[in-house]
Amino acid sequence: SDLPDGVYLVEAQLDDRTCRSRNCPRRMPDAVRNGNLKIVTMGDSVPVQGDYPTFPDRLAALLGGLATVDSQNIAVGGTMSTHWLPGQSYCENTLLPAVADADVLVISLGGNGILNYVNNAFSGSGLGGDLVGGAMELVVEIVDNVLATAGAVREVNPTIDIVYCLYPNYGEATNTSPWNMVGGFLGKETMVELLDTARGAIPYDSGLILADMYAAFEGLVLDDYLYDMLHFNHAGATMYAEVIFQSLGGVFVGESPLPPHGVTPLGSVHDFGLNP
């Protein structure tokens with residue numbers, strides 16, 4: 001209650017114990033103590049398209065109150081989780097060299113695979129049978145691909161903190177095409193089931209930190225946060241940055257250091273999936 005306004009980092013000192021929550025960074029607190037923090041953001045177009053500055057720059061601005069931040073955004077629009085698998089050019093030539101000395105890796109992957117699936121379902125090209133079941137298999141495959149990429153990253157940097165951004169429920173964007181048709185075509189609860197499946201497919205012992213946009217945007221009018229059908233406007237980019245900031249243990253007290261968009265201030269009390 002006596003904290004002056006400013007930016008803080010909450011550290012869970014686990015020693016050799018296993019973290020059963022998906023927001024337990026281990027390397028980042030030491031990087032902050034040392035005064036320098038390197039963050040790499042990779043994946044699809046969400047980190048590079050929409051209203052500027054996009055969420056990686058806003059995240060760097062939030063963390064700038066804790067340390068000198070080197071933020072490298074190597075995301076490539078249009079890429080899917082398969083493009084970043086070990087052995088692929090994006091992984092070997094772009095990702096692995098960038099993360100060799102990084103403290104935090106932020107991953108945004110999965111949206112293009114789901115969007116392609118939805119578009120193919122609407123056009124009828126190459127899809128048939130159990131559309132919902134096929135979509136469930138797809139999100140599990142996406143998570144498996146992300147885990148494989150994370151494994152390759154840890155081979156070159158074993159202690160790096162890796163954050164995976166789980167997408168919001170685009171099915172809630174009822175005024176944005178093609179999501180406004182998903183409810184009637186695939187079923188109203190399909191996107192909820194897909195995201196629940198994706199969240200549940202991430203093992204606790206994988207060490208992935210979960211930036212749960214699905215939970216963060218729940219109950220909000222998602223259309224108000226979208227720049228187009230997939231990317232985010234000022235409010236959405238700020239929300240993304242703040243959720244990742246929280247998942248890493250970040251807290252700011254008082255006025256947000258970001259422009260007045262999104263959910264601010266975060267405050268000094270937050271429950272991570274626990275209702276006391």
Side-chain angles (χ1 to χ4, degrees), residues 22 43-47 50 55 75 77-85 106-150 162-204 206 208-232 236 239-240 243-244 247 272-273:
R22 293 192 175 111
D44 53 27
S45 57
V46 171
F55 81 76
T79 57
M80 296 186 289
S81 61
T82 51
H83 293 128
W84 295 89
L85 283 171
V106 178
I107 300 176
S108 173
L109 280 174
N112 286 323
I114 295 172
L115 187 60
N116 286 346
Y117 188 89
V118 170
N119 287 336
N120 288 336
F122 287 140
S123 67
S125 57
L127 294 178
D130 184 3
L131 293 177
V132 174
M136 297 296 178
E137 293 176 2
L138 173 62
V139 296
V140 173
E141 178 185 335
I142 289 169
V143 170
D144 287 343
N145 291 342
V146 169
L147 292 172
T149 300
I162 302 179
V163 180
Y164 178 57
C165 299
L166 183 65
Y167 282 84
N169 181 1
Y170 282 102
E172 293 296 324
T174 55
N175 295 319
T176 305
S177 179
W179 309 114
N180 55 353
M181 297 182 286
V182 168
F185 193 81
L186 293 179
K188 185 176 180 180
E189 300 300 321
T190 295
M191 290 300 292
V192 171
E193 293 175 13
L194 289 176
L195 289 162
D196 281 338
T197 298
R199 182 194 278 158
I202 302 172
Y204 279 101
S206 68
L208 285 188
I209 296 167
L210 186 64
D212 195 342
M213 308 302 168
Y214 172 32
F217 282 94
E218 187 175 5
L220 302 178
V221 180
L222 187 60
D223 302 278
D224 294 342
Y225 294 82
L226 291 177
Y227 177 86
D228 55 25
M229 67 180 178
L230 190 61
H231 309 105
F232 294 89
M239 177 75 89
Y240 250 72
V243 172
I244 298 169
S247 72
F272 286 89

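Not counting sequence neighbours, the partners of Ala75 by the side-chain contact (heavy atoms from CB on, under 4.5 Å) test are Pro47, Val48, Asn73.
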Criterion ring pair (Phe, Tyr, Trp, His ring centres under 6.0 Å) on Phe55 and Phe232, from CA distance to verdict: CA-CA 9 Å; Phe55 81 76; Phe232 294 89; 8.4 Å; no
Step-by-step side chain to side chain contact (heavy atoms under 4.5 Å, CB included) determination, Val146 to Trp84: CA-CA 8 Å; Val146 169; Trp84 295 89; over 6 Å; no
Check against side chain to side chain contact (heavy atoms under 4.5 Å, CB included), Asn169 and Leu222: CA-CA 8 Å; Asn169 181 1; Leu222 187 60; 5.9 Å; no
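Summarising the geometry of Tyr240 relative to Tyr167, their closest heavy-atom pair is OH-CD2, 4.1 Å, with the distance given to 0.1 Å. Ser45 approaches Leu230 most closely through the heavy-atom pair OG-CD2, 4.2 Å. Shown here for Pro168 and Phe217, the closest heavy-atom pair between the two residues is CB-CD1, 3.7 Å. Closest of all the heavy-atom pairs between Gly110 and Asp44 is N-OD2, 4.0 Å. Residues Leu109 and Thr79 come closest through the heavy atom pair CD2-O, 4.3 Å. Of all the heavy atoms in Asp212 and Val243, the pair that sits closest is N-CG1, 3.9 Å.
Remark: Ile209 CD1 to Ile162 CD1 distance equals 8.5 Å, nearest 0.5 Å. Taken from OH in Tyr164 to CD1 in Ile142, the straight-line distance is 6.5 Å, to the nearest 0.5 Å. Atom NE2 of residue His83 and atom OG1 of residue Thr149 lie 12.0 Å apart, to the nearest 0.5 angstrom.
Residue pairs meeting the salt bridge (Lys or Arg N to Asp or Glu O under 4.0 Å) criterion with at least one partner in residues 106-115, sequence neighbours excluded, are absent.
Using a 4.5 Å cut-off on side-chain heavy atoms (C-beta onward), Leu226 and His231 make no contact. Within the 4.5 Å cutoff, side-chain heavy atoms of Ile244 are placed close to those of Met213.
Thr197 pairs in a side chain to side chain contact (heavy atoms under 4.5 Å, CB included) with only one of the listed residues (Val143, Val139, Leu138), which is Val139.
Between the Ser108 side chain and the Val46 main chain, no donor and acceptor come within less than 3.5 Å of each other.
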